[in-house]
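The sequence lines fix the lettering, A, B, ..., with proteins before strands; numbering per chain opens at 1. These numbers were taken from a predicted model, which means no experiment stands behind them.
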Amino acid sequence: MFGTNERFTLRQAVFTREASFWAMYEDFKEPVLGVTVIKDGVFLENRQNVLILEATLNGAPVPYTYYSDESLLRMDTAHGTVEFCMDGAGQLRIRGRGVGLRMRVRAEKPFGSTEGCRGVYPTADGAWEADFGYSGKILFVPLDGAFLVSAPKDGEGRFYERVVFDFLPDVKNGAFEAVLHEYMTWRGRDRVYESFDAVRGATARAFEDFVNNNLKPPAKGWEELYRYAAYTVWSHRTAVCGAYLDTMAMYQQIWGGNCMGWQQSYNAMPMLKNPAEGWRLIRTLFAHQRPSGQIPGSVAYYGAGSMGMQPAFQGLALDWLIHSCGEDFLTPESCGEMYPRFTKWLNFWLKYRNAGYGDDRVYIINANESGWDDASEYVKGFPVETPDLYAFMILMMDCAGVLARRSGRHDEAESWTKRARALNDRLCGDLWNGERFFAYLTNTGEHVDSLSLATYQALVLGDKRIPKHISDKLAESVMSPDYLTDIGLTTESLKSPYCHFGYNFVLGRVITPCNMLTAVGLYRCGKREEAREICRNVCSNLLDKGLLLGFQPFDYEPTTGEPVVGYTIPSASDVWPWSAWAASSCLVMLTGILPDD
Amino acid sequence: MGEGIALDLKKVPFSRRNAAYLFFEEDNSGGGISDRERFRHDDAPLLYSGEDEGETGYPPGLYITASSHGSTIRRKGLLRLIPTRGGEPADYTYRAAPEKLTIESGDGVIEIILDGDDSVRIRGRGLGLRFFTRMEFMEGAATLPDGTVCLEIFGIYFVGGSFYFRRLDGGITLDAAYNNQTCRTESATVELIPSENGTFETAIFSINPNEYEIESYKPFDECLAEIEGDFDAFRRRYGAEDTRLAALCEYLLWISYQDMDRLSAAPNLKADMIFSGRIRDVLAKMFHQPLHSLAVADSRAALGILLDAFAHISDRMLPTEVSRNRILFGAFPPAFGLALLELIKRPGAETLPTEQLRALYDGMAEHFGWWRTARSLGENSFSYNMPRECGYDAATYALCDFPLETPDLYAWLILYAEALAALAAAAGLGGADEWTACAKGLLDTLISELWDGDSFVCRGALSGRVFKCGSALTYLPIILGERLPREIAAKLAADLGDGAKFMSGRGFLSESREGPYFSAGESGRGAVDLPLQAVLILGLCAAGHGDTAAAAAAAVISAAETFGVRDVIVPDGEQPARAPADNGDSAAASALLAILASRGKE
């Protein structure tokens with residue numbers, strides 16, 4: 001799948017697997033592989049528990065290329081190979097033949113230092129432990145061949161001048177083998193280890209099982225991107241440990257390894273072959289629900305975020321699953337269990353973000369709560385009511401009705417349905433100006449006329465909720481060159497004075513999840529060919545560039561004609577790195593929209 | 001009630017137990033903090049590398065901030081307080097006491113109290129109050145439909161704080177325009193405006209106060225009385241002499257006291273803990289919890305501190321650090337034995353609940369088991385695996401071979417095993433004899449193998465190499481008191497009391513002056529480390545060398561009265577500047593209280 005002659009490299013999606021926090025990647029600055037453990041959630045440019053990999057021959061580095069697929073990473077040299085695989089319990093397995101492997105601690109910050117390594121020492125059972133503080137510990141267990149550690153300190157014993165681990169081939173058979181364990185407390189080596197091939201085989205099967213059990217096949221011709229997206233989604237799923245009380249979907253790995261709240265719902269949406277798994281993912285955040293009903297904006301290994309929150313996206317994801325798969329996966333038991341929690345979250349919004357008109361209109365007070373960090377809907381500040389926000393509430397209420405009905409709460413079901421319809425009427429009546437949806441300042445009543453793609457998001461409500469004259473108008477406008485480019489829809493109209501591709505997120509760049517949502521909306525409003533066109537444009541670009549979150553469609557700014565000035569941090573592309581957020585959005589497009597009816 | 005504690009908010013913050021908020025005075029000491037540092041989360045990249053860095057530092061003045069758990073000074077979520085008269089900034093003075101912060105200007109006054117875990121009450125007469133902050137990407141400011149003003153200052157990385165201003169009297173306005181070119185609210189100004197009668201009252205919350213569904217607000221003075229009562233009750237744990245220094249120490253411990261996390265589904269902070277401080281190292285260091293227990297006179301409270309520590313045991317390990325945000329597992333000096341043996345000597349110890357003693361026994365036995373598995377390479381042999389495990393990163397142990405057998409570790413473990421024997425007996429459990437034998441075995445190893453006739457030495461646990469080390473940690477076996485042969489104790493006391501070696505005018509140095517690696521300003525490598533003072537002084541008293549203990553105690557107390565309750569005191573000259581309000585450390589506070597209590601017992 002990846003490698004020197006492959007389409008994707010490890011500068012995009014890393015080599016890892018479900019339930020593993022090991023991440024192996026190609027360095028952005030030089031052609032070398034690195035390995036790290038991402039439980040701490042630290043951004044790559046600040047990571048300190050980074051080990052750079054070198055292939056060695058008689059102790060000297062030799063050039064290598066690499067190949068990787070879902071279960072194996074291989075370093076290839078002229079003299080031999082080194083292979084890696086992982087299990088889902090913290091093990092990184094290594095074996096080599098003909099060459100050795102050197103793993104050298106090289107922190108990103110301060111760059112080149114050993115600063116993150118607090119200690120390296122032998123254990124009683126022949127292994128070595130390296131302590132990286134909050135980033136965890138690594139146990140190096142040599143199984144075959146020789147193992148040397150070089151970790152001299154400076155003259156005053158304050159820091160390590162270098163920390164280097166050398167695995168050397170046995171002189172008799174030319175091979176070495178080792179296990180690395182990552183953990184946060186303490187462990188010794190295992191008494192028995194499965195073979196490398198057994199570990200690799202189990203990983204390969206786990207991936208295939210994930211795909212076969214949960215995902216529908218892609219539209220014809222998209223198989224390669226599909227497997228890459230499926231791999232990315234699968235490999236971002238956490239183990240159950242720390243604050244990950246159930247398997248969750250990480251947003252990213254070496255760039256901020258944590259699980260964002262609404263992205264659990266994004267990752268639920270592709271589970272069309274196993275909607276129960278999608279429902280499980282949606283429910284994971286609720287384990288961390290506060291007494292007020294609020295669910296956290298993120299969950300990381302060390303805990304759930306205590307500040308801020310993300311949109312109530314759960315209704316949209318659940319409604320999509322129901323629309324695609326029917327309701328049978330919603331057992332009465334799970335509905336009964338979830339109804340109180342789901343409505344507590346919904347009521348948090350309806351009560352504590354209530355706009356004060358005596359109905360269910362709500363507002364947000366900062367961009368975190370919308371998911372769209374810098375949309376032009378916020379140009380006049382907060383609190384603001386937006387069409388996408390209303391859409392989330394409508395879908396939450398409708399889904400609350402479904403949960404109520406399926407758990408025998410019929411009166412409540414009817415009430416939620418009525419309230420959803422009432423809010424839907426307000427959306428289509430009060431936030432529609434004949435041409436587009438707009439935002440509305442709660443305190444002043446001022447309209448905020450925005451050309452943000454976010455104003456099209458209400459299309460996700462589908463043709464049973466959005467009148468045809470509205471969906472026709474929106475489809476016509478969003479499919480115009482004002483938004484539609486060869487690589488997908490810009491998140492701000494190219495005619496907008498705010499459109500910008502540089503530092504911003506959704507003020508112009510082609511953002512994969514935004515495109516997915518718009519495509520879902522058009523699809524559900526009967527505009528299937530429009531939806532598919534968007535998907536083809538987006539997915540063609542993803543196939544070419546990798547599962548990146550966002551792209552600049554042009555090298556110049558549309559408002560000024562000047563070259564785009566972007567971030568200076570090293571990254572896999574022009575800015576935003578790969579992510580499971582993009583990958584899950586891609587899978588929705590490949591399996592839920594592009595396939596023929 | 002804290003009479004005589006006038007808090008200098010340049011040196012220590014104004015806050016309270018378990019409070020989300022604190023106030024301090026910025027004076028740009030230590031060079032100030034640049035905007036570039038201010039707007040960086042310590043783990044996050046600077047997103048807008050092309051942006052103008054703007055002004056440097058915070059203007060001097062009073063600030064409010066939300067506590068942010070972690071181990072670096074997080075200068076985010078700061079609001080500057082500017083008293084106003086007629087809408088214009090007014091010159092002012094302030095008086096801060098544990099229960100209240102008072103700002104005065106002419107005949108106007110503003111009073112501030114922390115009336116709840118995550119709330120502040122402010123009332124004013126004759127003055128208004130302005131709050132100002134610059135803001136960054138993804139931070140929000142809004143006036144809610146019910147008039148509540150909210151500032152959410154935690155950026156894209158959710159580090160910082162939230163401030164919800166709820167009007168009780170007078171008015172509140174917000175000036176915060178959102179700039180879509182820069183995608184942020186660039187600054188926010190909140191004005192608390194007096195009503196026509198010249199008064200205002202406002203409550204600040206860390207969440208939307210509507211979520212609390214408060215029907216009525218307790219009167220300001222009633223809240224104030226509760227705060228006073230809470231501090232008084234907390235102080236009574238200590239039974240210290242009523243001096244300004246003792247009161248300041250008790251205040252620092254009070255504001256560092258953090259309740260367990262009752263909200264999280266997977267909490268890191270599983271029990272109440274005493275954090276190191278509120279500015280830097282906003283976390284609990286497990287190594288210091290026994291010291292905090294030692295400082296407490298009330299035996300039940302002292303036992304509670306130990307039990308709270310062991311609530312965090314996992315895989316037989318204790319964490320070295322814990323806060324709401326993170327937990328870090330590792331090895332540290334197991335000082336619990338010393339704390340428990342002192343505790344059971346106190347009046348009232350005989351009434352300690354048996355079930356609690358059993359629970360503590362279980363935790364300590366499990367933990368000792370971990371030491372046997374993970375830090376023992378032979379019978380009666382224990383070692384640190386890396387230098388920081390001794391509690392002082394820069395200690396000259398770092399120059400030895402690791403894993404390293406050290407005298408201090410043996411001393412801690414001897415007392416630990418004896419404590420287990422005592423607990424087993426007190427709780428009616430078996431095994432006391434085995435623990436006693438274990439302690440004796442370790443003592444034999446210490447004296448027969450790590451005493452070279454002149455001093456205690458360290459030994460590489462694998463290499464077998466012996467190291468003569470200038471660290472004061474090698475004198476820690478003094479805590480064994482009469483267990484040590486008299487000649488050994490005498491030699492330790494003589495060296496500790498020797499001005500050419502360890503004794504200074506401000507306490508015991510952490511490294512001998514004679515050593516080639518002595519560094520006066522560095523913790524563990526020469527400076528006077530307060531936690532170490534308490535242990536050595538108590539040990540000298542136990543070993544019958546009260547004169548040396550008294551001399552050191554007097555020096556330490558004098559230094560603290562001069563320089564503040566700092567964890568590290570440079571033995572000569574002025575103390576290095578620290579960030580505002582970072583001049584009070586809870587471990588130093590407990591050390592001082594323990595030292596104060598030891599006076600007269602030499």
Side-chain angles (χ1 to χ4, degrees), chain A residues 41-43 45-46 118-124 129 131 133-134 153 156-158 184-188 242-243 245 287-288 290-292 297-298 302-308 351-352 355-356 363 365-368 373-374 376 378-383 442-443 498 503-504 507 565 567-569, chain B residues 43-45 47-50 137-146 150 152 154 156 158 160-162 176-178 180-181 183 185 207-208 210-211 263-268 314-317 324-330 370 373-374 377 385-389 394 396 398-399 402-403 462 517:
Chain A
V42 171
F43 268 49
E45 70 160 20
N46 294 293
R118 298 178 164 208
V120 178
Y121 36 82
T123 66
E129 184 175 74
D131 187 320
Y134 280 108
K153 284 205 161 178
E156 295 215 343
R158 293 178 188 283
M184 307 306 268
T185 54
W186 183 85
R187 70 158 10 251
L245 301 179
H288 301 274
R290 308 260 154 109
S292 63
S298 64
Y302 281 116
S306 59
M307 284 179 275
K351 194 169 181 185
Y352 301 123
Y363 59 78
I365 56 174
N366 71 44
N368 272 310
D373 306 357
D374 47 17
S376 60
Y378 318 132
V379 66
K380 296 196 176 166
F382 299 91
T442 303
N443 287 340
Y498 299 111
Y503 297 124
N504 299 94
L507 262 187
V565 177
Y567 292 78
T568 58
I569 53 176
Chain B
D43 290 334
L47 287 182
Y48 300 100
S49 57
F137 181 56
M138 297 285 283
E139 294 184 342
T143 302
L144 306 187
D146 66 1
C150 73
E152 295 205 323
F154 47 77
I156 196 169
F158 301 108
S162 297
Y178 185 84
N180 209 64
Q181 295 301 321
C183 307
T185 304
I207 62 173
N208 187 336
N210 292 334
E211 295 180 35
L263 286 182
S264 298
N268 295 310
S314 177
D315 288 338
R316 300 182 300 156
M317 278 182 94
R324 285 211 176 130
N325 292 352
R326 295 194 292 190
I327 186 165
L328 175 64
F329 285 90
W370 178 82
T373 306
L377 294 170
N385 267 3
M386 52 186 178
R388 66 172 54 232
E389 293 183 351
T396 46
L399 291 144
F402 278 80
L462 284 177
Y517 301 105

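Contact annotation: the side chain of B/N325 never approaches that of A/Y302 to less than 4.5 Å [non-hydrogen atoms, C-beta and beyond]. Inter-residue side-chain proximity for B/I207 and A/S292 is flagged as unmet; no heavy-atom pair is nearer than 4.5 Å. Looking at B/N210 and A/Y352, their side chains come closer than 4.5 Å, going by heavy atoms from C-beta outward.
Residues satisfying the side chain to side chain donor-acceptor pair (under 3.5 Å) criterion with A/N366, sequence neighbours excluded, are B/E152. Qualifying side chain to side chain donor-acceptor pair (under 3.5 Å) partners for B/R316, counting only residues two or more places apart in sequence or in other chains: B/T373.
There is no contact between B/P267 and chain A, counting heavy-atom distances below 4.5 Å. Using a 4.5 Å cut-off between heavy atoms, A/L245 touches chain B through its side chain atoms alone. If you measure heavy-atom distances from B/S264 to chain A, you find no contacts under 4.5 Å at all. Using a 4.5 Å cut-off between heavy atoms, A/A304 does not touch chain B at all. When heavy atoms are compared at a cutoff of 4.5 Å, B/L328 approaches chain A by way of both its backbone and its side chain. Heavy atoms of A/T185 lying under 4.5 Å from chain B belong to its backbone as well as its side chain.
Chosen from B/N268, B/I327, B/T396, B/N208, the residue pairing most often with chain A at heavy-atom distances under 4.5 Å is B/I327. Most heavy-atom pairs under 4.5 Å with chain A, from the set B/P145, B/A266, B/A265: that is B/P145. Most heavy-atom pairs under 4.5 Å with chain B, from the set A/K153, A/E156, A/R290, A/E129: that is A/E156. Taking chain B as the reference chain and counting heavy-atom pairs below 4.5 Å, the highest number among A/G188, A/P122, A/G242 is found for A/P122.
When all heavy atoms of B/A394 and A/R158 are compared, the pair lying nearest together is CB-NH1, 4.1 Å. Of all non-hydrogen atoms in B/M386 and A/R118, the two that sit nearest each other are SD-O, 3.3 Å. Looking at every heavy atom in both residues, A/I365 comes nearest to B/L144 through CG2-CD2, 3.4 Å.
With values rounded to the nearest 0.5 angstrom, B/D315 atom CG is found 12.0 Å from A/M184 atom CE. Between the CH2 atom in A/W186 and the CE atom in B/M317 there is a gap of 9.5 Å [rounded to 0.5 Å].
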